Amino acid sequence: DPLVRYQQEKPGDPAVLTMLGIAYYHTHQPEKARQFLEYVVKQFPTANPDALLYLGRTLHKQRDFENAIPIYKAFLERAGEKHPLRANVT
């Protein structure tokens, strides 16, 4: 997997970690997605807001609604009004 190899070469790169989390989300591996996305959100609070969106989606998919709601709200606060995925949350 190219993203995993790249992450090994540049460990801790929030963009790569976010992409890995999103990839795991889309390949139905919510535990791995959650691990990567939670790390990005905690360690890089100003990183791409997509990390928040996909963490919210992952928590939602895991039926962890109590934690998903504040993550979705944080995404809406951080993402600009013109963010292309914003309409999927509101």
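Worth saying up front: this structure is predicted, and the values here are computed from it rather than measured.
For Lys61, the NZ atom counts as densely surrounded, since its 6.0 Å shell holds more than 12 non-hydrogen atoms of other residues, nucleotides or ligands. Heavy atoms of other residues, nucleotides or ligands lying less than 6.0 angstrom from NE2 of His60 number 12 at most.
Note: Thr18 OG1 to Phe44 CZ = 8.5 Å, rounded to the nearest 0.5 Å.
The heavy-atom pair separating Val40 from Ala51 by the smallest distance is CG1-CB, 3.9 Å. In this structure, Ala33 and Thr58 approach most closely via the heavy-atom pair CB-OG1, 3.9 Å. Ile22 approaches Leu37 most closely through the heavy-atom pair N-CD2, 4.4 Å. Of all heavy-atom pairs spanning Leu59 and Ala68, the tightest one is CB-CB, 3.8 Å. Taking each heavy atom of Gln62 and Pro30 in turn, the nearest pair found is NE2-CB, 3.7 Å. Taking both residues in full, the closest heavy atoms of Leu55 and Glu38 are given as CD1-CG, 3.6 Å, listed atom of the first, atom of the second, then distance.
Between Gln35 and Tyr24 the shortest side-chain heavy-atom distance does not fall below 4.5 Å. Using a 4.5 Å heavy-atom threshold, the side chains of Tyr72 and Leu52 count as separate. Looking at heavy atoms from C-beta onward, Lys32 lies out of side-chain contact with Leu20 at the 4.5 angstrom threshold.
For Asp64, the salt bridge (charged side-chain N to carboxylate O under 4.0 Å, His left out) partners two or more places apart in sequence, or in a different chain, are Arg34. Remark: Tyr54 engages Tyr25, His26 in a ring-ring contact (aromatic ring centres under 6.0 Å, His included) (not counting sequence neighbours).
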Apply the test side chain to side chain contact (heavy atoms under 4.5 Å, CB included) to residues Ile71 and Arg57: give CA-CA distance (whole Å), side-chain angles for both, the deciding distance (0.1 Å), then the verdict.
CA-CA 9 Å; Ile71 295 295; Arg57 286 179 172 179; over 6 Å; no

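Neither Leu76 nor Ile69 shares a network with the other; the hydrophobic side chains, linked directly or stepwise wherever heavy atoms of I, L, V, M, F, W or Y lie under 4.5 Å apart, form separate groups for each.
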